[in-house]
Amino acid sequence: MNDGLIARRYAKAFLKYADEKKASKQAYGQMRQLDEAYAAEAKLKKAVGNRFISVADKEQLLLTAAGAKPGDCLAKFIKLVISHNREGFMREMSKAYQDLYREANNIAQIEIVTAAQMPAATLKRITDVVKGLLAGKQIEETHRIDPSLIGGFIVRVDTVQLDASIKNELKKLRLKLLKN
């Protein structure tokens with residue numbers, strides 16, 4: 001079975017359950033934290049997938065990584081996932097849940113990547129232009145610095161990307177020169 005399909009099915013069921021319990025926003029925050037924990041600690045996936053670690057320890061590890069408390073909707077979801085031997089898909093489930101939650105609540109993600117620290121006024125102008133294009137959507141905004149861009153910026157809105165970096169322009173110029 002397709003790994004993405006498994007994760008999406010579980011995430012969809014969890015979103016429905018969390019909505020019924022009026023805890024979908026809290027679960028969203030916990031799933032974001034869980035995803036960040038997986039990103040920050042590569043050994044987390046190995047530990048969760050390890051057959052020699054007890055079920056209780058896996059539950060506690062995932063609860064701690066998500067910042068959840070026993071009794072939360074997420075704690076019950078984690079127990080269900082582990083009981084069906086699907087704990088290896090937890091990161092994919094957290095990403096799928098976040099996507100479904102944002103879709104259901106009309107939330108767009110904006111990521112602005114710059115080569116160096118940009119003045120707050122300039123960042124605000126970029127964000128305002130993007131907000132104007134998104135008409136009525138709620139915004140989750142992040143800013144990241146990537147010196148490899150050399151200059152300029154990249155704006156990502158969900159899955160769409162505008163690359164106005166010098167690195168990209170140099171790449172295009174290189175390809176054009178190689179073509180000729």
Side-chain angles (χ1 to χ4, degrees), residues 1-114 117 123 127 130 134 137-149 154-161:
M1 186 176 245
N2 183 346
D3 295 352
L5 185 60
I6 292 170
R8 190 157 174 89
R9 283 184 179 168
Y10 274 82
K12 193 181 267 188
F14 181 48
L15 180 63
K16 186 175 181 182
Y17 175 71
D19 277 342
E20 289 172 4
K21 298 294 182 183
K22 307 281 190 243
S24 60
K25 186 174 185 176
Q26 177 188 14
Y28 176 65
Q30 292 169 339
M31 287 298 224
R32 285 183 70 178
Q33 188 172 337
L34 181 62
D35 186 38
E36 290 169 6
Y38 269 103
E41 189 57 58
K43 294 180 183 178
L44 180 59
K45 186 166 183 152
K46 283 185 181 180
V48 170
N50 190 333
R51 291 183 292 167
F52 298 107
I53 295 179
S54 71
V55 169
D57 288 343
K58 287 180 185 183
E59 286 176 17
Q60 189 58 46
L61 179 64
L62 289 169
L63 282 174
T64 303
K69 299 177 191 95
D72 284 352
C73 286
L74 183 60
K76 292 177 182 177
F77 177 69
I78 288 171
K79 282 184 184 211
L80 173 80
V81 169
I82 291 174
S83 72
H84 287 94
N85 295 316
R86 299 291 194 196
E87 61 270 18
F89 298 105
M90 273 307 296
R91 182 161 192 204
E92 292 80 9
M93 288 178 201
S94 72
K95 287 176 180 275
Y97 181 88
Q98 291 174 68
D99 291 342
L100 290 168
Y101 179 85
R102 283 191 294 267
E103 185 180 313
N105 291 286
N106 205 23
I107 299 172
Q109 283 188 303
I110 298 174
E111 181 183 28
I112 301 171
V113 184
T114 57
Q117 187 64 40
L123 281 174
T127 304
V130 174
L134 296 175
K137 280 195 170 193
Q138 294 178 28
I139 305 296
E140 283 184 0
E141 181 184 341
T142 57
H143 176 249
R144 188 168 52 92
I145 296 173
D146 181 0
S148 73
L149 296 180
I154 297 173
V155 177
R156 289 187 189 101
V157 180
D158 294 329
T159 59
V160 178
Q161 176 173 300

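- Taking CG from D99 and CG from D158, the interatomic distance works out to 8.5 Å, rounded to the nearest 0.5 Å.
- Side-chain atoms of N105 do not come within 3.5 Å of backbone N or O of I107 as any donor-acceptor pair.
- Note that CZ of R144 and CD1 of I112 are 12.0 Å apart. Values are rounded to the nearest 0.5 Å.
- Residue L63 comes nearest to K69 through the heavy atom pair CD2-O, 4.4 Å, listed as atom of the first residue, atom of the second, then distance.
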**Request:** Could you walk me through whether L80 and K76 pass the side-chain contact (heavy atoms from CB on, under 4.5 Å) test, one step at a time?
**Result:** CA-CA 6 Å; L80 173 80; K76 292 177 182 177; over 6 Å; no

**Message:** Run I110 and L134 through side-chain contact (heavy atoms from CB on, under 4.5 Å) and show every step you take.
**Reply:** CA-CA 10 Å; I110 298 174; L134 296 175; 4.3 Å; yes

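- Counting non-hydrogen atoms of neighbouring residues, nucleotides and ligands closer than 6.0 angstrom, the NZ atom of K137 exceeds 12 such neighbours.
- Minimum interatomic distance between V130 and V155 (heavy atoms only, all atoms of both residues): CG2-CG1, 3.9 Å.
- Taking OG1 from T142 and CD from E111, the interatomic distance works out to 4.5 Å, rounded to the nearest 0.5 Å.
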Show me, pair by pair, the donor-acceptor contacts under 3.5 angstrom made by side chains of residues 37-44, not counting sequence neighbours?
none

Expected list for residues 20-35: side-chain donor-acceptor pairs under 3.5 angstrom, two or more places apart:
unit_1: S24; atom_1: OG; unit_2: D19; atom_2: OD1; d: 3.0
unit_1: Y28; atom_1: OH; unit_2: R102; atom_2: NH1; d: 3.1
unit_1: Y28; atom_1: OH; unit_2: E140; atom_2: OE1; d: 2.8
unit_1: Y28; atom_1: OH; unit_2: E140; atom_2: OE2; d: 2.4
unit_1: Q30; atom_1: NE2; unit_2: D72; atom_2: OD2; d: 3.0
unit_1: D35; atom_1: OD1; unit_2: R91; atom_2: NE; d: 2.7
unit_1: D35; atom_1: OD1; unit_2: R91; atom_2: NH2; d: 3.4

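- Counting only heavy atoms from C-beta outward, the side chains of Q109 and R156 never approach each other to under 4.5 Å.
- For the atom pair CZ of R9 and CZ of R86, the computed distance is 10.0 Å after rounding to the nearest 0.5 Å.
- Taking CG from D57 and CG from L62, the interatomic distance works out to 11.0 Å, rounded to the nearest 0.5 Å.
- Each of F14, Y17, Y10, F77 was checked for a ring-ring contact (aromatic ring centres under 6.0 Å, His included) with Y97, and the lone residue meeting it is F14.
- Shortest non-hydrogen contact noted between A96 and R8 is CB-CA, 4.0 Å.
- In this structure, A68 and L74 approach most closely via the heavy-atom pair CB-CD2, 4.0 Å.
- Separating the CD1 atom in I78 from the SG atom in C73 is a distance of 11.5 Å, to the nearest 0.5 Å.
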